[in-house]
Amino acid sequence: MARKFFVGGNWKCNGTSEEVKKIVSTLNGGQVASADVVDVVVSPPFVFLPLVKSLLRSDFHVAAQNCWVKKGGAYTGEISAEMLLNLNIPWVILGHSERRLLLGESNEFVGDKVAYALSKGLKVIACVGETLEQRESGATVEVVAAQTKAIAERISDWTNVVLAYEPVWAIGTGKVATPAQAQEVHCELRKWLQINVSVEVAESTRIIYGGSVNGANCKELAAQPDVDGFLVGGASLKPEFVDIINSATVKSCA
């Protein structure tokens, strides 16, 4: 089953309104593979969601970087799935390692968030990944399987889920998993889905890679059979994000 390439840009906690306009202008002027070859989603900070939504080209979509685990209410500082839907934001990133590590979001909490967001009609980029210590101790597959299991136990429909494998040791460090390392984990995740969910879900679910992806390394990573795209951090704020989007053609020409 051919899986459509997916490239997400996570802008994290960066930007001013003027900088955001410049980034969007660069994206709007970029020559990229057609929407039938690649899905492109950019994720600005909450405060810039309406601005980006209003200016961004129609073939690209917008994601929030997080949302709350249930309906809104007395949860100071949180944003609910319902609010995102009210702004016509179709996607949300959940379970990013920065939130797992800095804010203590557990596998179970992330699983609950994914289930709630999906139940309200959002599409989810669900993140998994191991720390350097976990990798060096040989626990990579065990860790990402547990993170994926917490999601799988809470949802029944994977249609609107993109799984993002982001090794924590490669995020913002300049260190990148080799294409072979990325392929190995993606393959293990797909096997896990096949055994524990279904063959159909394993074949159709897009598993994307994140961790210091840039214009120089994206094509080699994209050529791996189980790498279905990227979740890009720092490079998504730069013109080279267009090159990363166009790495989708590696798959379409294969």
Apply side chain to side chain contact (heavy atoms under 4.5 Å, CB included) to W91 and V62, showing your working.
-> CA-CA 6 Å; W91 286 90; V62 181; over 6 Å; no

Exceeds 12 heavy-atom contacts within 6.0 angstrom, atom CD of Q181 = yes

Does the side chain to side chain contact (heavy atoms under 4.5 Å, CB included) test come out yes or no for H96 and I125, once each step is laid out?
-> CA-CA 9 Å; H96 193 280; I125 302 166; over 6 Å; no

Q147 and N107 have their tightest heavy-atom pair at CG-OD1, 3.3 Å

Do V124 and Y116 have side chains that get closer than 4.5 Å, going by heavy atoms?
-> no

Rounded to the nearest 0.5 Å, what separation is found between the CE atom of M83 and the CD1 atom of I89?
-> 13.5 Å

Distance-minimising heavy-atom pair for E130 and Y165 = OE1-OH, 2.9 Å

Taking E240 for the side chain and G215 for the main chain, is one N or O donor matched with an acceptor at less than 3.5 Å?
-> yes

Flag the pair V42 / L56 as yes when at least one side-chain heavy-atom distance between them is below 4.5 Å, and no otherwise.
-> yes

Among Ile, Leu, Val, Met, Phe, Trp and Tyr joined by side-chain contacts under 4.5 Å, find the other residues sharing a cluster with V69 and list them by chain and number.
-> W68, Y75, F109

Closest heavy-atom pair, H186 versus V227, reported as atoms and distance to 0.1 Å, is ND1-CA, 3.7 Å

Would you sort out whether V52 and W11 count as a side chain to side chain contact (heavy atoms under 4.5 Å, CB included), showing the intermediate values?
-> CA-CA 12 Å; V52 173; W11 298 1; 3.9 Å; yes

Side-chain donor/acceptor of N66 to backbone N/O of E78, under 3.5 Å = no

Are Y209 and V40 in one and the same hydrophobic cluster, where Ile, Leu, Val, Met, Phe, Trp and Tyr link if side-chain heavy atoms are under 4.5 Å apart?
-> yes

Output the distance between atom CG (N88) and atom CG (N86), rounded to the nearest 0.5 Å.
-> 7.5 Å

Above 12 or not: heavy atoms from other molecules or residues under 6.0 Å from CD of E142?
-> no

Would V144 and V201 show up in the same hydrophobic cluster when neighbours are defined by side-chain heavy atoms closer than 4.5 Å?
-> yes

Quick one: closest heavy-atom pair of G174 and S212, and the distance?
-> N-OG, 3.1 Å

Would you confirm whether K251, through its side chain, and Q224, through its main-chain N or O, come within 3.5 Å as a donor-acceptor pair?
-> yes

Do I93 and I244 share a hydrophobic cluster (ILVMFWY, side-chain heavy atoms under 4.5 Å, transitive)?
-> no

Near Q134 CD, under 6.0 Å, is it more than 12 heavy atoms from other residues, nucleotides or ligands?
-> yes

So with a 6.0 Å cut-off around NZ of K149, is the heavy-atom count from everything else above 12?
-> no

For A63 and P44, the nearest pair of non-hydrogen atoms, with its separation, is O-CD, 3.7 Å

Residue pair F5 / T249, side-chain heavy-atom distance below 4.5 Å = no

Under-4.0 Å salt bridge between R190 and D228 = yes

When rounded to the nearest 0.5 angstrom, what is the spacing between OG in S236 and CG in N214?
-> 12.0 Å

Quick one: pull up CD1 in I23 and CG in N14 and give me the separation to the nearest 0.5 Å.
-> 8.0 Å

Short question: side chain of N28, backbone of L55 - any donor-acceptor pair under 3.5 Å?
-> yes

Would you please test T159 and K123 for side chain to side chain contact (heavy atoms under 4.5 Å, CB included) and show each step?
-> CA-CA 9 Å; T159 309; K123 298 176 182 180; over 6 Å; no

State, with a plain yes or no, whether a side-chain heavy atom of S204 is found less than 4.5 Å away from one of W158.
-> no

Locate the shortest heavy-atom distance separating A177 from W169; write the atom from each residue and the value.
-> CA-CH2, 3.7 Å

Would V20 end up clustered with L87 when hydrophobic side chains under 4.5 Å apart are linked, directly or stepwise?
-> yes

Do other residues, nucleotides or ligands put more than 12 heavy atoms under 6.0 Å from K238 NZ?
-> no

Rounded to the nearest 0.5 Å, what separation is found between the CG atom of L122 and the SG atom of C67?
-> 6.0 Å

Quick one: does V242's side chain get under 4.5 Å of Q31's, heavy atoms only?
-> no

Is it true that F230 and F6 have ring centroids separated by less than 6.0 Å?
-> no

Would you say the side-chain atoms of Q65 pair up with the backbone N or O of K12, donor to acceptor, closer than 3.5 Å?
-> yes

Are K22 and E18 ion-paired here, with the side-chain N under 4.0 Å from a carboxylate O?
-> no

What about L237 and V41, same hydrophobic cluster or not, with Ile/Leu/Val/Met/Phe/Trp/Tyr joined at side-chain heavy-atom distances under 4.5 Å?
-> no

Sidechain N-carboxylate O distance under 4.0 Å for K113, E105 | yes

Distance col, row I195:CD1 vs S198:OG, nearest 0.5 angstrom, shows 12.0 Å

Any V162 side-chain heavy atom under 4.5 Å of I207 side chain = no

Any donor-acceptor pair under 3.5 Å linking the side chain of R99 with the backbone of G104?
-> no

Short question: side chain of S25, backbone of K21 - any donor-acceptor pair under 3.5 Å?
-> no

Check: T178 and L221 side chains under 4.5 Å, non-hydrogen atoms = no

Salt bridge check: are D39 and R206 linked by an N-O gap of less than 4.0 Å?
-> yes

Exam field: side chain N217 to backbone V213, donor-acceptor pair closer than 3.5 Å = no

Answer yes or no: is there a donor N or O on one side and an acceptor on the other, between the side chain of S97 and the main chain of R100, under 3.5 Å?
-> no

Would you call E203-R3 a salt bridge at under 4.0 Å N-O?
-> no

Less than 4.5 Å apart, any side-chain heavy atom of V185 and any of V141?
-> no

